[in-house]
Structure formats: C-alpha cells, structure tokens
Amino acid sequence: MQLSLTLIRPDDWHLHLRDDAALAAVLPDTARRFARAIVMPNLKPPVTTVALAAQYRDRILAALPAGLRFTPLMTLYLTDNTAAAEVDAAHASGFVHAFKLYPAGATTNSDAGVTDLKNCVAALARMEKLGVPLLVHGEVTDPAVDVFDREAVFIDTVLAPLLRDFPALKVVLEHITTQNGVDFVRDAATQVAATITAHHLLLNRNALFAGGIRPHHYCLPVLKRETHRRALLNAAISGNPKFFLGTDSAPHGQRTKESACGCAGCYTAHAGIELYAEAFDAAGALDRLEGFASFFGADFYGLPRNTDRITLRRVTVAVPDTLDYLPGDMLVPFRAGETLAWRME
C-alpha cells in the first residue's frame, strides 16, 4: 500500500470563490493546495468586462493570507451583449483567460446568461480567431427535459452545432457528468477538453437520498447513475490530456443549502486535492494523478507547468461538521462529520 505521494503542485481549472466576507473565508483552502485557479465570474452583478475582472482579481489578492502563493486566473461572463471588442481586451489583458457560457437560468447566479448563442456570433468568432477559450456549463434549461438528461441534450442540440459553426473554437465542457460528455470530448477535435470534479468521481445519484434528502450533495449538473460515474473515473485516470481537474467547489451557507429551495453546489476546497487522491487510489491509478491535476490543464491553457511540489500522506483525517463562513451562517464541507483518507502536507 502506497503511504505517500509527491506531485507537482496542482491547479484548479474551475472554482467559485464568491466575494467579500465569503471570499475571505474560503480562499485559504484553495490557496494552500493549488498554485492557480480559473475563477468563475458569476457574482452579483456578474463579471462581464475586463475592468470588472481586474477589480475582482485585486479583491482576491487582497484577501490572500500572508505566506500563501496563489494566482487567480480570471474569466468573463458571456452575455447576449458581449462585444467582440471585449474579447480583444480580454486577450490583451494578460490576466483574463476565458469566457464562461451559462445558459440563462442553468445554475447559481446564471440569470444574466446567454438566451441564444445567435446573439454571441461576433464574440465567438473573435474568440475563435484569438484562441480565447469558451468554458461551457453544459445543460439545457428547458423544463420539459429530464434533469438527468440535460447534459446529453445540450451536447446534441447546442455544443455540437456550436463546434460545427466555429470548428477552431477552444472549448472546455465544464464539470462533465455523463458517458455522453466523456465520449463527446474524447472524440472531438484537439482544442476541446473537459474538467471533472472530485464529487462526481466519488458519488453517484444515490448519494442524494442516502438516509434522507442530502442537500449538501445537490449540485448542478446533478449527480448521475453509477455507470456515468465509472465513465468519468475511467476518463480521469486514462492519461488523456483532454480531461483535467476542476473542483467546481461552490460555497453556500448552511441556511441556504438546508432550505426549501436549497442552492446547488458542493464545497470541496477544504480537501481539493485529497478527494481526487482518494478516487484515483480506489482505481489503482495514483501514478496518473499528477498528469490530471498538475499538467494537462496548464498545457491546454498554454501556461507553464508549476515547479514546486506537494506531498499527500495516507492518514485518516476527520472533517468538521461545519466551517466558519459568514456572520450568523456556517459552511458545511463535503464529507462533513466523516473522514478523508489522505492529508496534504
């Protein structure tokens, strides 16, 4: 049994940091583990311009505890009104690395998202020309489509036509959850990739109902069947550079998660790399974790690989029931009251 694992320090290619007090509460968990992270722009109001991204980046760096080294990689929220000139500005900025496509109403703070990709033709054409990636929340929002089928329907009706119209566009299908997503990315052109979360590697949809409704396992895209979880795990451990780490760690206060209309999202940043080690270890593929966590994402974004290292040790670690978050509200972490199998040193 392997007792420790040393790897190049990883990056998180899909992360929610929120803002203000929430940002200050959760940022240290990520910054201790990851050198860089692609930061989602779905604030209120959303981060739609380079100027807003610069301000948000400054707030993140100001909240970074002394002694921690971390680089936020900023993104812009694609809207029906995003101009090609904003793509030019993002490309020239040096700190905005992608645009995020949220179909309007698909997930938390997505109300300002795109209603029809026909409204984004000019922006998408400029992104394709400049090599600016489009990060896609891949779900349709039609209420007539079963929630467990929304990723597959999105791939067939939105993503495939998008890539026919813009064949050179760099695309990351974020937090894939299905065999359909794995197959599409694997068979697509080289500039199409995907992120995979730890919670989708470790859980199937039964976890939503184990011992009663489990609101802290509710995320979007929602957990899927075991066959899909296995497909994700096989993709993650395959060594295919199209698949890389993106936690989609999404903090929500306990009061909003445990409510009549609980928010979607799992908070995993407190064990952002340890949970992946558990998944890879269970598959007998610890030797494949470094590529997935530390190399493939950097290569896709055209950024240098990190050079410093972290070490994980096989130690049972108790996860607290709650973490400090906002005044009058706590944060319930993934595996709250349970244990982790690895500890980062």
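The first residue in the sequence is number 1, and the count goes up from there.
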Before giving the answer on side chain to side chain contact (heavy atoms under 4.5 Å, CB included), spell out for Leu78 and Leu134 the whole-Å C-alpha distance, their side-chain angles and the decisive distance to 0.1 Å. CA-CA 9 Å; Leu78 186 69; Leu134 178 68; 4.0 Å; yes

Using the rule given for salt bridge (Lys or Arg N to Asp or Glu O under 4.0 Å), can you reason through Arg335 versus Glu278, listing the C-alpha separation, both sets of side-chain angles and the distance that settles it, and then say yes or no? CA-CA 13 Å; Arg335 291 273 180 82; Glu278 182 176 325; 2.6 Å; yes

For the pair Leu52 and Leu43, evaluate side chain to side chain contact (heavy atoms under 4.5 Å, CB included) and give the outcome as yes or no after the intermediate values. CA-CA 11 Å; Leu52 289 172; Leu43 303 182; over 6 Å; no

With side chain to side chain contact (heavy atoms under 4.5 Å, CB included) as the criterion, how do Leu232 and Ile176 come out once you've worked through the C-alpha distance, each side chain's angles and the decisive distance to 0.1 Å? CA-CA 8 Å; Leu232 297 177; Ile176 58 171; 3.7 Å; yes

Can Phe99 and Thr75 be said to form a side chain to side chain contact (heavy atoms under 4.5 Å, CB included), step by step? CA-CA 5 Å; Phe99 281 75; Thr75 62; over 6 Å; no

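Counting only distance, with no hydrogens or angles, the side chain of Lys242 and the backbone of Ala189 share a donor-acceptor pair below 3.5 Å. With hydrogens and angles disregarded, a donor-acceptor distance shorter than 3.5 Å links the side chain of Lys257 to the backbone of Gly265. Remark: side-chain polar atoms of Glu151 are paired, donor with acceptor, to backbone N or O of Thr177 under 3.5 angstrom. Asn306 places no side-chain N or O within donor-acceptor distance of the main-chain N or O of Asp11, the cut-off being under 3.5 Å. Between the side chain of Asp146 and the main chain of Phe148, a donor-acceptor pair closer than 3.5 Å is present. Here the side chain of Thr195 pairs no donor or acceptor atom with the backbone of Gly246 at under 3.5 angstrom. In this structure a side-chain-to-backbone donor-acceptor pair under 3.5 Å is missing from Ser294 to Gly291. Without hydrogens or angle criteria, Lys100 side chain to Leu135 main chain gives no donor-acceptor distance under 3.5 Å.
Side-chain contact between Tyr301 and Leu73: absent, with no pair of heavy atoms (C-beta onward) separated by less than 4.5 Å. The closest side-chain heavy-atom distance from Phe70 to Thr30 is below 4.5 Å. Side-chain contact between Tyr56 and Val39 is present, with heavy atoms from C-beta onward closer than 4.5 Å. The shortest distance between side-chain heavy atoms of Val50 and Ser93 falls below 4.5 Å. Contact check for Val114 versus Asn119: no side-chain heavy atoms found under the 4.5 Å cut-off.
Every residue two or more places apart in sequence or in another chain that forms a side-chain contact (heavy atoms from CB on, under 4.5 Å) with Phe296 is listed here: Pro241, Phe244. Every ring-ring contact (aromatic ring centres under 6.0 Å, His included) that Tyr267 has, sequence neighbours left out, goes to His270. For Phe184, there are no ring-ring contact (aromatic ring centres under 6.0 Å, His included) partners, not counting sequence neighbours. Among residues two or more places apart in sequence or in another chain, the side-chain contact (heavy atoms from CB on, under 4.5 Å) test is passed with Thr79 by Thr48, Tyr77, Asn81, Thr82. Qualifying side chain to side chain donor-acceptor pair (under 3.5 Å) partners for Arg69, counting only residues two or more places apart in sequence or in other chains: Asp308. Taking the ring-ring contact (aromatic ring centres under 6.0 Å, His included) definition, one finds that His16 meets it with His14, sequence neighbours left out. Residues forming a ring-ring contact (aromatic ring centres under 6.0 Å, His included) with Phe280 (at least two apart in sequence, or on another chain): Phe292. Qualifying side-chain contact (heavy atoms from CB on, under 4.5 Å) partners for Asp58, counting only residues two or more places apart in sequence or in other chains: none. Listed by chain and number, the residues in a side-chain contact (heavy atoms from CB on, under 4.5 Å) with Leu61 are Arg57, Pro72 (sequence neighbours excluded).
A salt bridge links Arg343 and Glu345; the closest N-O separation between the charged side-chain nitrogens and carboxylate oxygens is under 4.0 Å. Classification of Arg36 and Asp12 as a salt-bridged pair fails, no side-chain N sitting under 4.0 Å from a carboxylate O. Between Arg313 and Glu274 there is no salt bridge, since none of the side-chain N atoms of the basic residue sits less than 4.0 Å from a carboxylate O of the acidic one. A salt bridge links Arg314 with Asp281: the distance from a Lys NZ or Arg NE/NH1/NH2 to an Asp or Glu carboxylate oxygen falls below 4.0 Å.
With a 6.0 Å radius and a threshold of 12 heavy atoms from other residues, nucleotides or ligands, Arg225 has its CZ atom at or below the threshold. At most 12 heavy atoms of other shown residues, nucleotides or ligands fall within 6.0 angstrom of atom CZ in Arg230.
Residues Gln179 and Ala231 approach most closely at OE1-CB, 3.2 Å, considering heavy atoms. The two atoms that bring Ile273 and Pro10 nearest to each other are CD1-CG, 4.1 Å, heavy atoms only. Scanning all heavy atoms of the two residues, the minimum distance from Met344 to Arg33 falls at SD-CG, 3.5 Å. Considering all non-hydrogen atoms of both residues, Gly272 and Thr247 come closest at O-CG2, 4.0 Å. For the residue pair Leu201 and Arg229, the shortest heavy atom distance occurs at O-NH1, 2.7 Å. The two residues Pro304 and Ala298 make their nearest non-hydrogen contact at O-CB, 4.1 Å.
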Please report, to 0.1 Å, the donor-acceptor pairs under 3.5 Å made by any side chain of residues 152-172, with sequence neighbours excluded.
{"residue": "Thr157", "atom": "OG1", "partner": "Val153", "partner atom": "O", "Å": "2.7"}
{"residue": "Lys170", "atom": "NZ", "partner": "Phe300", "partner atom": "O", "Å": "2.5"}

Please table the atom pairs, donor to acceptor, closer than 3.5 Å between any side-chain atom in residues 205-222 and protein atoms at least two apart or in another chain.
{"residue": "Arg214", "atom": "NH1", "partner": "Ala210", "partner atom": "O", "Å": "3.4"}
{"residue": "His216", "atom": "NE2", "partner": "Glu258", "partner atom": "OE2", "Å": "2.8"}
{"residue": "His217", "atom": "ND1", "partner": "Ala207", "partner atom": "O", "Å": "2.9"}

Determine all donor-acceptor pairs shorter than 3.5 Å in which one atom belongs to a side chain in residues 318-332; sequence neighbours excluded.
{"residue": "Asp329", "atom": "OD1", "partner": "Gln254", "partner atom": "N", "Å": "3.1"}
{"residue": "Asp329", "atom": "OD1", "partner": "Arg255", "partner atom": "N", "Å": "3.1"}

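Counting only N and O atoms by type, the side chains of His137 and Glu139 include a donor and acceptor under 3.5 Å apart. Donor-acceptor pairing under 3.5 Å is lacking for the side chains of Lys224 and Thr178. No hydrogens or angles considered: a donor-acceptor pair under 3.5 Å links the side chains of His252 and Arg18. Side-chain contact check for Thr197 and Asp248: no donor-acceptor pair (N or O, by modelled atom type) lies under 3.5 Å.
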